[in-house]
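Everything below concerns the one structure shown next.
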Amino acid sequence: MANSVEPTTVNTSTPQTTVQQLIARSNRLGADARNTNYAGGNTSAKGTETDPVTGGPVELLWVKGSGGDLGTLTPSGLAVLRMDRLLALAGVYPGVEREDEMVAAFDFCLHGRGGAAPSIDTAMHGLVDAAHVDHLHPDSGISLATATDGEALTMECFGDRVVWVPWRRPGFQLGLDIAAIKQANPQAIGCILGGHGITAWGDTSDACEANSLEIIRTAEAFLIEHGASEPFGSTVAGFEALPAAERLARAAVLAPIIRGLASTDRAQVGHFTDAPVVLEFLASEKLERLGGLGTSCPDHFLRTKVRPMIVDLPAATPIDDVVARLKELHVAYRDDYRGYYERNAKPDSPAMRGADPAIVLVPGVGMFSFGANKQTARVASEFYINAINVMRGAEAVSTYSPIAEAEKFRIEYWGLEEAKLQRMPKAKPLATRIAFVTGAGSGIGRAIAHRLAAEGACVVVADLNAESAATVAAEIGSTDVAVAVTVDVTDEKQVATALAAGILAFGGIDLVVNNAGLSISKPLLDTTEHDWDLQHDVMAKGSFLVAREAARAMIGQRMGGDIIYISSKNAFFAGPNNVAYGAAKADQAHQVRLLAAELGEHSIRVNGINPDGVVRGSGIFAKGWGAQRAAVYGVAEEDLGAFYAQRTLLKREVLPEHVAAAVFVLTAGDLSLTTGLHIPVDAGVAAAFLR
């Protein structure tokens with residue numbers, strides 16, 4: 001089936017200026033959540049540059065590539081295509097039933113090497129006769145796009161400046177449709193895409209951006225002026241938001257349980273929000289109906305699944321009853337999702353990817369969202385908030401009417417979407433694992449936190465020193481990979497609070513490293529009761545409190561887990577002038593054995609690591625322990641590391657990174673059947689060999 005497309009008007013400014021303008025416009029639009037969601041939408045510009053082969057002019061299209069984000073877009077995120085070849089594709093287009101083949105054809109239109117892969121929306125940008133095109137997913141625009149009478153509302157809102165385009169799956173045919181609509185409506189600045197979003201255009205970058213913002217802001221004003229005061233209906237008694245402290249406490253208890261359910265098919269990382277917009281929706285009389293209809297914009301439901309799992313109990317329902325109901329609802333959700341797949345799957349459809357919910361709504365508490373990493377889970381939450389805003393807008397002026405289930409399935413299980421998933425890099429060994437490391441503000445704990453994060457884990461950096469914890473978390477990266485908590489491990493309430501904060505940050509807990517410690521080196525007769533109590537409180541009692549609280553969450557989560565004790569060579573070796581420290585470490589070492597025996601039935605593995613002589617980078621040695629031990633052995637403090645190394649079998653100095661490596665080995669999967677083990681990391685101290 002042949003098609004004809006009018007030659008496209010191009011911008012004759014220099015390529016550098018065109019690209020700079022495109023990037024600046026994209027970043028401005030993407031920085032405002034009212035304009036588009038994260039990684040949603042795309043922008044483009046057309047222009048002319050010199051062909052390095054012919055020396056003559058060549059007309060090009062620069063368009064945001066697949067998977068990029070407008071707010072952070074850089075030139076490397078653009079696909080660059082030759083306009084003559086792109087327009088020629090219309091002549092060989094085989095029709096809507098085979099339009100997926102056109103994505104591969106875009107590769108034959110590329111200009112030069114490098115750049116991003118062209119997205120499915122490339123046709124829209126290339127075929128529309130305008131020098132600049134924006135395709136965005138604003139809540140206000142999608143509200144009109146998903147209203148039952150969206151076409152009439154679009155005319156009422158914009159007159160003939162914005163044209164309605166009935167729902168069509170993104171692809172080459174949609175590009176042809178919009179190109180024809182623009183050609184037939186020269187007065188129009190853009191269009192509303194039914195069920196989906198908006199597209200705007202302009203002869204200059206500034207004009208295109210102004211047109212996009214006019215559509216978005218005009219739709220916002222229209223919804224406010226014409227919208228009902230209570231689009232979600234009245235508030236349901238008993239479903240109102242709980243007080244903040246009670247809400248967060250309940251969320252921390254429920255999060256690991258919900259995460260475990262949401263990880264039935266594959267492990268997930270979680271995110272929690274109790275934003276006012278969420279709590280309002282959860283308390284509304286339309287929650288069940290609207291939630292059951294699911295999201296509409298493809299960017300939304302690809303992240304959130306077609307619909308959420310909704311707890312249908314009042315906010316103050318006893319926790320045990322909520323947990324029991326969650327398990328029932330999860331079984332029903334999986335059955336429903338399997339039915340959705342079986343109703344819509346074709347013989348060549350990709351296999352079902354997983355039947356667990358990505359969004360779980362708990363009235364009075366908030367929203368739990370899940371993904372393969374923290375960023376994905378957080379973005380799913382943001383997208384569902386977009387969907388709530390869309391539902392509010394549509395219900396305010398009409399009735400919310402998302403695209404049909406079959407259309408959602410076509411996109412969720414699109415061959416192109418499957419190919420994109422298959423291209424994703426292999427996950428790191430500790431991907432999806434959530435680690436809680438005590439004493440992580442310095443020394444061994446800092447090295448462990450860095451190593452676990454480098455291997456893919458989300459890390460809760462716990463330390464008595466808030467500034468140190470914050471510094472290490474910032475070194476590791478954003479709050480999508482590391483958060484800091486302040487905790488005195490001797491305080492039962494502080495331990496519970498710190499673990500709850502970590503659970504709320506990432507959805508649960510999988511891996512605990514009991515590393516917090518201190519040491520005072522004194523002979524028996526000089527060791528005070530305070531010396532003894534302090535060391536046992538921090539290491540023996542502190543490890544017990546952290547392990548107990550973490551195990552409580554792990555057992556409810558039902559995903560197994562790891563608890564690692566950073567003990568010491570001194571747990572097994574009778575060193576001089578060291579009774580309090582050695583006894584506390586021996587206590588920790590036996591906790592490993594006791595907890596391994598007790599927690600094995602829950603698939604929680606408990607192991608220990610026994611370092612020795614970790615001088616460089618050690619927080620303990622820097623706080624006086626080094627000077628004390630140097631005095632005991634009669635060496636200069638600066639020579640202590642070398643002294644320890646020379647008394648070992650390997651004659652090597654032990655560093656914090658060596659201990660961190662042992663933690664990784666124990667938790668990365670190759671020793672999945674190992675529990676109750678103590679690993680020496682001491683370069684070989686024969687007197688501490690385990691017998």
Side-chain angles (χ1 to χ4, degrees), residues 1-15 18-19 21-22 41-66 78-135 163 165 168-186 188-191 193 199-205 207-208 211 416:
M1 179 175 70
N3 293 272
S4 63
V5 178
E6 292 295 313
T8 301
T9 303
V10 298
N11 186 334
T12 57
S13 59
T14 65
T18 301
V19 171
Q21 289 176 347
L22 174 58
N42 28 67
T43 52
S44 68
K46 303 180 182 78
T48 302
E49 74 168 23
T50 300
D51 189 322
V53 176
T54 67
V58 58
E59 295 178 359
L60 300 176
L61 170 73
W62 292 269
V63 58
K64 193 204 84 170
S66 179
L78 298 173
V80 188
L81 301 94
R82 290 178 55 114
M83 282 298 302
D84 56 349
R85 298 183 68 81
L86 185 58
L87 292 173
L89 291 180
V92 297
Y93 174 51
V96 69
E97 295 303 319
R98 293 172 53 196
E99 70 173 348
D100 289 2
E101 299 171 20
M102 303 304 289
V103 174
F106 292 149
D107 290 344
F108 294 93
C109 302
L110 294 175
H111 178 73
R113 301 177 63 183
S119 78
I120 188 65
D121 288 317
T122 297
M124 179 195 305
H125 291 270
L127 301 179
V128 169
D129 180 20
H132 299 267
V133 177
D134 294 334
H135 169 59
V163 184
V165 179
R168 185 183 290 279
R169 187 178 63 157
F172 202 86
Q173 186 60 55
L174 180 60
L176 288 169
D177 291 349
I178 297 176
I181 283 172
K182 182 185 182 303
Q183 187 175 353
N185 295 273
I189 62 171
C191 53
L193 309 182
T199 296
W201 46 75
D203 292 334
T204 67
S205 184
C208 185
N211 289 341
L416 297 177

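- Checked options I120, V96, L174, D100; the residue passing with R169 is D100 (criterion: side-chain contact (heavy atoms from CB on, under 4.5 Å)).
- Between the side chain of E99 and the backbone N or O of F172, at least one donor-acceptor pair lies under 3.5 Å.
- Partners of D177 under the side-chain contact (heavy atoms from CB on, under 4.5 Å) rule, at least two apart in sequence or in another chain, are R168, Q173.
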Under 3.5 Å, sequence neighbours excluded: what are the donor-acceptor pairs made by side chains of residues 84-91?
from	atom 1	to	atom 2	distance (Å)
D84	OD1	R82	NE	3.2
D84	OD2	R82	NH2	2.7
R85	NE	F108	O	2.8

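- The two residues G65 and S119 come nearest to each other via the heavy atoms C-CB, 4.3 Å.
- When every heavy atom of G171 is checked against every heavy atom of A123, the shortest pair comes out as O-CB, 4.3 Å.
- Side-chain contact of H111 with E49: a donor-acceptor pair under 3.5 Å is present, judged by distance alone.
- In terms of heavy atoms, P94 sits closest to M102 at CD-SD, 3.6 Å.
- Between the side chain of K64 and the main chain of G41, a donor-acceptor pair closer than 3.5 Å is present.
- Listed for the K182 side chain is a donor-acceptor partner under 3.5 Å among the backbone atoms of D129.
- Within the 4.5 Å cutoff, side-chain heavy atoms of L193 are placed close to those of I178.
- For the atom pair L78 CG and W62 CH2, the distance stands at 9.5 Å (nearest 0.5 Å).
- In this structure, C208 and A200 approach most closely via the heavy-atom pair SG-O, 3.9 Å.
- In this structure, CG on D121 lies 10.0 Å from OG on S44, to the nearest 0.5 angstrom.
- Residues L110 and P118 have side chains in contact (heavy-atom distance under 4.5 Å, counting atoms from C-beta outward).
- W201 approaches A188 most closely through the heavy-atom pair NE1-O, 3.0 Å.
- With 3.5 Å as the limit, one finds a donor-acceptor pair spanning the side chains of H125 and N42.
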#### Entry: Step-by-step side chain to side chain contact (heavy atoms under 4.5 Å, CB included) determination, T199 to V133
CA-CA 7 Å; T199 296; V133 177; 3.8 Å; yes
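- Two residues are said to be in side-chain contact when any heavy atoms from C-beta on lie closer than 4.5 Å; V63 and L81 meet this criterion.
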### Task
Check step by step if side chain to side chain contact (heavy atoms under 4.5 Å, CB included) holds for L60 and T48.
CA-CA 6 Å; L60 300 176; T48 302; over 6 Å; no
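- The side-chain heavy atoms of E59 and K46, taken from C-beta on, include no pair separated by under 4.5 Å.
- Using a 4.5 Å heavy-atom cutoff, the side chains of P170 and M124 are not in contact.
- Under the 4.5 Å side-chain criterion, counting only non-hydrogen atoms from C-beta, L61 is not in contact with V80.
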### Message
Under the criterion side chain to side chain contact (heavy atoms under 4.5 Å, CB included), I'd like the reasoning laid out for T50 against V58: C-alpha separation, chi angles, the key distance, then a yes or no.
### Response
CA-CA 6 Å; T50 300; V58 58; over 6 Å; no
